[in-house]
Amino acid sequence: MPELPEVETVRKGLAPVFADNRIAHVHLARPNLRFEFSEGFVETLNGALVVHLGRRAKYLLFELDNGQTLLSHLGMSGSFLALAPGEPEPEGRKSKHDHVVFELQDGSRVLYNDPRRFGFMLLFATEGLENSKFLKDLGPEPVGNELSAAGLFQKMQRRTGPVKTALLDQKLIAGLGNIYVCEALFRAKIHPQTRCCDLSELQATVLVRHIRDVIRQAIEVGGSTLNDFSAADGALGYFQHRFEVYDRAGDPCLAAKCTGMIARIVQAGRSSFYCPVCQNTEN
DNA sequence: CAAAGCTCCTGACCGC
DNA sequence: TGCGGTCAGGAGCTTT
């Protein structure tokens, strides 16, 4: 599922496609994804130029030259596929869930595919976009200057819930999802059930460092898959990445000299993967 | 406030 | 081979 690094990779992949390349025509295969498309969706996009393709948390922001911005979220299963002018779709590709098609001025096509339809695309006036309900309460970007260990520690002290659940709260840090939260906690050697208020300032500092590292590295990996241009079926949205704990229940811990076995528990309805030996509460 | 529950949706997986 | 049942999971919204 796309998290911040994947979305950033999509952004980097799509930016050159839309650059100086007006949207000629948009086609919707259905009236909605997670939400109904904005009123006038097609009309607003037809003929528009994307003057800037940005990102905030896991949201892609297509800023148009007509005062509107297309805000897009990939949900769990959304992906984009960019096809050069005249380029056919990859063989064997499932087009059943291509819900949005962008035809560009130069003949390129950008397909948005989303089997589960947890994703969405909505239009907002560019002015005041930051006050939309999707963006207004977002916390700092994990790989930005605003994310400080001191600030996180302060907020953690007021929380009694488990650190794992808190890190998924977009108000605390924007853009972290289940996978990278598990990975960051593993690297920081913090048990996912640790109560936020029980974290020491040192632990908060170490945690912030690992959050930044794991996200930054994942973005680098995503960038390299872009260069390879060999992503399975060419879809932008996913790339191969080896995770140390995520989805590795029952497998050996990869930490040096550790004999632990990765465990899986459920917190707030979501899987948490961790090493009971490395991520010991008593640490 | 924080925290937990609900909701959307489909493909994958499992047992029969 | 096919059919039901179960489940994951981002995040806004609602409720406690």
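Chain A is the first sequence line, chain B the second, and so forth, proteins listed ahead of strands; every chain is numbered from 1.
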**Report entry** Atom of A:Cys275, atom of A:Gly260 and distance for their closest heavy-atom approach
**Finding:** SG-CA, 4.1 Å
Requested in this report: Taking only the side-chain nitrogens and oxygens of A:Arg195, find out if one of them lies under 4.0 Å from OP1 or OP2 of B:dA3.
Outcome: no
Query raised in the report: Would you call A:Arg117-A:Asp114 a salt bridge at under 4.0 Å N-O?
Result: no
Query raised in the report: A:Phe134 stacking on C:dG12: centroids under 5.5 Å, ring planes under 30°?
Result: no
Query raised in the report: To the nearest Å, how far apart are A:Glu3 CD and C:dA8 P?
Result: 16 Å
Report task. Ignoring backbone atoms, establish whether A:Lys133 has a side-chain N or O less than 4.0 Å from OP1 or OP2 of C:dG12. Result -> no
Query raised in the report: Under 4.0 angstrom, heavy atoms only, what part of the nucleic acid is A:Phe120 near: base, sugar-phosphate, or nothing?
Result: nothing
Report task. Starting from P on C:dG10, measure out to CD1 on A:Ile173 and report it in whole angstrom. Result -> 16 Å
Requested in this report: Would you please confirm or rule out a distance under 4.0 Å between OP1 or OP2 of B:dA4 and any side-chain N or O of A:Thr165?
Outcome: no
Query raised in the report: What nucleic acid atoms does A:Gly177 come within less than 4.0 Å of, heavy atoms only: base, sugar-phosphate, or nothing?
Result: nothing
Query raised in the report: With respect to the side chain of A:Arg159, which nucleotide from C:dA11, C:dA8, B:dA3 is positioned closest?
Result: B:dA3
**Report entry** Exercise: do A:Asn280 and A:Lys189 side chains pair donor with acceptor under 3.5 Å
**Finding:** no
Query raised in the report: For A:His97 and A:Arg270, take the nucleotide of DNA chain B holding the closest heavy atom to each; which residue's nucleotide lies nearer the 5' end?
Result: A:Arg270
Query raised in the report: Hey, is the side chain of A:Thr160 poking within less than 4.0 Å of OP1 or OP2 on B:dA3, counting only N and O atoms?
Result: yes
Requested in this report: Using a heavy-atom cut-off of under 4.0 Å over every strand shown, decide if A:Arg34 touches base, sugar-phosphate, or nothing.
Outcome: base
Report summary line: To the nearest angstrom, the CD-P distance between A:Gln170 and C:dG12 comes to 7 Å
Report task. Determine the contact category for A:Lys96: base if any of its heavy atoms lies under 4.0 Å from a base atom, sugar-phosphate if only primed atoms, P, OP1 or OP2 are that close, otherwise nothing. Result -> sugar-phosphate
Query raised in the report: Given A:Leu122, which of A:Phe37, A:Tyr59, A:Phe134 fulfils the side-chain contact (heavy atoms from CB on, under 4.5 Å) condition?
Result: A:Phe134
Query raised in the report: Contact class for A:Tyr246 vs. all strands (heavy atom < 4.0 Å): base, sugar-phosphate, or nothing?
Result: sugar-phosphate
Query raised in the report: Which residue, A:Gly269 or A:Lys155, contacts DNA chain B at a nucleotide closer to its 5' end, judged by nearest heavy atom?
Result: A:Lys155
Query - Separation of atom CZ in A:Phe35 from atom C1' in C:dG12, rounded to whole Å - result: 6 Å
Report task. Could you tell me whether the phosphate oxygens of C:dG12, OP1 or OP2, come under 4.0 Å of any side-chain nitrogen or oxygen in A:Tyr59? Result -> yes
Query raised in the report: Is the distance between the ring centroids of A:Tyr112 and A:His99 under 6.0 Å?
Result: no
Query raised in the report: How many Å lie between CZ on A:Phe118 and C1' on C:dA11, as a whole number?
Result: 10 Å
Report summary line: The nucleotide from B:dT10, B:dA3, C:dA11 with an atom nearest the side chain of A:Arg117 is B:dT10
Query raised in the report: Looking at C:dA11, C:dG10, B:dC9, which one has an atom nearest to any side-chain atom of A:Arg116?
Result: B:dC9
Requested in this report: Tell me yes or no: between the side chains of A:Gln68 and A:Thr44, is some donor less than 3.5 Å from an acceptor?
Outcome: no
